[in-house]
Amino acid sequence: MASPRAPRGMHDTLPEDSELWRFIRDTAERVARLYDYRAIETPIVEDASVFLHTAGDESDIVQKEVYLFEDRGGDRLALRPEGTAAACRAYIEHGMSSRPQPVRLFYFGPFFRYDRPQAGRYRQLHQFGVEAIGTDSPAADAELIDLQLTLYRELGFGDDLVLRINSIGTAETRRNFAKVLEAHFIPHLETLSRDSQRRFETNILRILDSKEDAGHVAVLSAPSILDYLSPEDAEHFEAVKAHLDALGIKYEIDPRIVRGLDYYARTVWEVEPPGAGGQSTIGAGGRYDGLIEVLGGPATPAVGFATGIERIALNMRERGLGPTEESAPDVVTIPLGDRGAAAAAQAAAILRRADISVRNGLPGRSMKAAMRGAGVSGARYALIVGDAEAEAGTVVLKPLRGDEEQRTVAVADLGSLGPSLTDRA
RNA sequence: GUGGGUGUGGCCUAGCGGUUAGGGCGUCAGGUUGUGGCCCUGAAGAUCGGGGGUUCGAAUCCCCUCACCCACCCCA
């Protein structure tokens with residue numbers, strides 16, 4: 001019988017990968033706190049309506065990408081496909097509108113989308129997301145972008161990442177703009193790709209984003225949504241740009257960035273590595289001024305972004321970024337004989353209390369094999385404990401690097417040796 | 001959902017109709033009596049993703065299927 005495997009599109013994070021992951025997570029949380037954002041954890045499962053109503057029941061997202069199930073009590077639940085709606089649900093549920101606004105939140109965790117896996121796209125994915133709920137200030141948009149870029153910088157990315165921003169106004173703006181696009185594309189419909197012809201019916205804004213027709217004259221000459229913004233929206237966008245300029249943040253304005261869902265408003269942005277194609281966006285954000293209301297809360301403007309950890313890790317590996325040192329214990333014990341094994345375990349306990357990491361060698365191996373293991377481990381010291389040492393209440397401390405001589409140490413003195421046995425600062 | 005590529009011990013991989021299916025890494029054990037990382041020797045470990053066919057004979061050819069990868073679609 002075939003052994004079970006991890007579900008399609010879902011992966012194990014092995015010890016050798018977890019080092020990088022922990023670095024990313026620690027850095028993300030550190031940066032978020034630098035901006036005074038605080039962690040929120042929401043359930044991995046939500047009432048299905050949290051995601052279905054917000055995304056719109058007819059969208060592809062809901063139709064095929066949400067993991068839906070009924071629990072034993074008959075409740076309709078969904079594995080969370082994203083974090084923003086869940087954070088908003090919590091904001092409403094806990095009356096956070098009566099806290100000082102905006103409420104600044106961040107989260108880091110797994111999300112689930114029933115997609116066909118490919119490079120940088122998985123069914124279980126991890127995101128770090130940051131939300132500022134309860135403000136329509138363009139300064140908040142800029143703060144989130146700044147935070148996001150600071151994170152990438154702290155992770156070691158250079159300034160070659162491309163930030164593209166756009167404003168998509170309100171749902172009404174987009175409805176009007178769709179009509180303009182319709183009129184623009186109708187004469188060219190015949191010469192556009194099949195895909196674009198389909199998009200003409202389903203989501204005309206996405207024709208602008210078509211890979212196939214990227215060079216098509218009709219796409220190149222298409223009107224820009226920026227010319228159809230309301231005066232207030234245009235002013236807001238100008239303010240966002242001014243804040244970015246003040247922060248010294250470079251950006252490209254890309255009127256082809258669109259978001260289909262109604263609750264999006266005004267600013268949207270994406271960050272991607274230069275020259276990359278395919279599933280390359282490593283993080284995207286935007287304003288969702290209508291979402292809280294859709295979820296049954298008070299009309300509340302908000303802005304946020306989320307960034308994919310797998311894609312960050314992918315890019316970091318390509319660039320050779322992240323922690324380089326393999327993790328190794330400070331000390332490996334080499335027990336010889338039964339009494340030695342008992343004494344070695346006791347010595348290990350003393351060292352650990354002094355914050356020295358110790359791999360306690362298990363008895364039964366030849367000394368040669370045990371020493372070989374200690375050498376391969378990368379540890380700084382081997383601690384040899386045989387019956388003779390056990391008898392005398394001592395251990396032999398042998399440096400594994402450098403040419404320092406080994407010495408015999410009283411067990412009682414091990415604790416005070418403390419810091420001298422570790423690399424750590 | 002659509003299209004393409006790949007599938008040999010834990011990992012990388014040779015073999016492409018007749019081989020005891022070979023190698024490297026890793027693992028484990030030895031290299032004399034209590035001392036390592038290199039080196040040497042040995043061992044365990046694959047029936048070649050799964051199923052069905054063609055053939056005297058298949059890891060090697062054909063069909064189906066599954067998985068992975070890549071691209072499209074979509075991307076909250």
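Quick note on labels: first sequence line is chain A, next is B, and so on, each numbered from 1.
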What integer number of Å spans the C1' atoms of B:G18 and B:G36? 48 Å
I'd like the P distance from B:U20 over to B:C64, given in whole Å. 33 Å
Does B:U6 have a Watson-Crick or wobble partner in any strand here, with both distances under 3.5 angstrom, and which is it? B:A67
Figure out the CZ/P separation between A:F51 and B:C75, and round it to whole Å. 18 Å
Counting only distance, no hydrogens or angles, is the base of B:C70 paired donor-acceptor with the side chain of A:R121 under 3.5 Å? no
Taking for A:D195 and for A:R5 the nucleotide of RNA chain B with the nearest heavy atom, the one nearer the 5' end belongs to A:R5
If you check the A:V66 side chain, which of B:C72, B:A76, B:C74 turns out closest? B:A76
Would you indicate what A:R194 reaches in the nucleic acid, counting non-hydrogen atoms under 4.0 angstrom: base, sugar-phosphate, or nothing? nothing
Pairing partner of B:U20, by Watson-Crick or G-U wobble and under 3.5 Å for both distances, is none
With no hydrogens and no angle check, just 3.5 Å: does a side-chain donor-acceptor pair link A:Y37 and A:E29? no
Euclidean distance for P, B:G57 against B:U2 (whole angstrom): 37 Å
Using a strict threshold of under 4.0 Å (side-chain N to carboxylate O), is an ion pair present between A:R319 and A:D160? yes
Which value, in whole Å, describes the distance between the C1' atoms of nucleotides B:C38 and B:C25? 16 Å
Over all strands shown, is A:Y264 touching base, sugar-phosphate only, or nothing at heavy-atom distances under 4.0 angstrom? sugar-phosphate
To the nearest 0.5 Å, atom CG of A:D254 lies from atom CH2 of A:W269 at 15.0 Å
For nucleotides 2-11 of chain B, list the nitrogen or oxygen atoms of the protein found under 3.5 Å from its nitrogen or oxygen atoms, one pair per line.
| residue | atom | partner | partner atom | Å |
| --- | --- | --- | --- | --- |
| B:U2 | O4 | A:R116 | NH1 | 2.6 |

Remember a base hit wins even if backbone is also touched, and classify A:R8 as base, sugar-phosphate or nothing at under 4.0 Å, heavy atoms. sugar-phosphate
Using a cut-off of strictly less than 4.0 Å between a heavy atom of the residue and any atom of RNA chain B, enumerate the qualifying residues of residues 131-140 of chain A by number. none
How is A:R198 classified with respect to the nucleic acid when contacts are heavy atoms under 4.0 Å: base, sugar-phosphate, or nothing? sugar-phosphate
Looking at A:R164 and A:E272, does any basic side-chain N land under 4.0 Å from a carboxylate oxygen? yes
Please report the distance, rounded to the nearest Å, between CD in A:E310 and P in B:C70. 13 Å
Which atom pairs, one a donor and one an acceptor, fall under 3.5 Å between side chains of residues 290-307 of chain A and the rest of the protein, sequence neighbours left out?
| residue | atom | partner | partner atom | Å |
| --- | --- | --- | --- | --- |
| A:T300 | OG1 | A:P298 | O | 2.6 |
| A:T307 | OG1 | A:Y152 | OH | 2.7 |
| A:T307 | OG1 | A:I282 | O | 2.6 |

Between CZ of A:F111 and C1' of B:C74 the distance, given in whole Å, is 19 Å
Considering Watson-Crick and G-U wobble pairs with both distances under 3.5 Å, what does B:G37 pair with? none
Using whole Å, what does the distance between atom P of nucleotide B:G1 and atom CZ of A:R113 come to? 19 Å
Span that lies between the C1' atom of B:A29 and that of B:A44, in whole angstrom: 10 Å
Would you list the pairs meeting salt bridge (charged side-chain N to carboxylate O under 4.0 Å, His left out) in which at least one residue belongs to residues 144-153 of chain A, sequence neighbours left out? none
With A:A265 via side chain to side chain contact (heavy atoms under 4.5 Å, CB included) - residues at least two apart: A:D289
Under 4.0 Å protein heavy-atom contact, by nucleotide of nucleotides 26-35 of chain B - B base, S sugar-phosphate only: --SSBB--BB
Suppose you measure atom C1' in B:C69 against the same atom in B:C61; what distance do you get, rounded to whole Å? 25 Å
For atom C1', what is the distance between B:A46 and B:G7, given to the nearest Å? 14 Å
What distance, rounded to whole Å, do you find between the two P atoms, one in B:C12 and one in B:C68? 15 Å
In whole Å, what is the span from the CZ atom of A:R123 to the P atom of B:G1? 9 Å
Any donor-acceptor N or O pair under 3.5 Å, side chains A:H236, A:S167: no
Between A:D413 and A:S416, a side-chain donor and acceptor under 3.5 Å: no
Whole-Å distance, A:K211 NZ to B:C70 P, equals 15 Å
For B:A71, take OP1 and OP2 only and decide whether either is under 4.0 Å from a side-chain N or O of A:Q118. yes
Regarding A:G361, tell me which of base, sugar-phosphate or nothing describes its non-hydrogen contacts under 4.0 Å with the strands shown. nothing
By salt bridge (Lys or Arg N to Asp or Glu O under 4.0 Å) - contacts of A:R199 (at least two apart): A:D195
When the side chains of residues 83-90 of chain A are checked against the rest of the protein, which donor-acceptor pairs come out under 3.5 Å, sequence neighbours left out?
| residue | atom | partner | partner atom | Å |
| --- | --- | --- | --- | --- |
| A:T84 | OG1 | A:E131 | OE2 | 2.9 |
| A:R89 | NE | A:E93 | OE1 | 3.1 |
| A:R89 | NH1 | A:E46 | OE1 | 2.9 |
| A:R89 | NH1 | A:E46 | OE2 | 2.4 |
| A:R89 | NH2 | A:E93 | OE1 | 3.3 |

Ring centre gap for A:Y228 and A:F177 strictly below 6.0 Å: yes
With the side chain defined as heavy atoms from C-beta on, A:A119 is closest, among B:A67, B:C70, B:C73, to B:C70
Check the angle between the aromatic planes of A:F111 and A:Y107 and answer parallel, tilted or perpendicular using the 30° and 60° thresholds. perpendicular
Sequence neighbours excluded, which residues qualify as side chain to side chain contact (heavy atoms under 4.5 Å, CB included) partners of A:P110? A:I44, A:R80, A:F112, A:Q124, A:H126
When the distance from CG of A:L261 to P of B:C74 is rounded to whole Å, what number comes out? 14 Å
How long is the line joining CG of A:D403 and P of B:G37, in whole Å? 17 Å
Partner of B:C72 under the Watson-Crick or G-U wobble criteria, both distances under 3.5 Å, comes out as B:G1
Got a sec, which residues hit side chain to side chain contact (heavy atoms under 4.5 Å, CB included) with A:A342, two or more places apart in sequence or on another chain? none
Got a sec, which pairs hit salt bridge (charged side-chain N to carboxylate O under 4.0 Å, His left out) with one end in residues 167-182 of chain A, sequence neighbours left out? none
Among B:A76, B:C70, B:C75, which nucleotide sits nearest the side chain of A:R259? B:A76
Could I get a table of every N or O pair under 3.5 Å where one atom is in the protein and the other is in nucleotides 42-44 of chain B?
none

So, applying side-chain contact (heavy atoms from CB on, under 4.5 Å) with A:I165, which one of A:L244, A:I257, A:V268 is it? A:L244
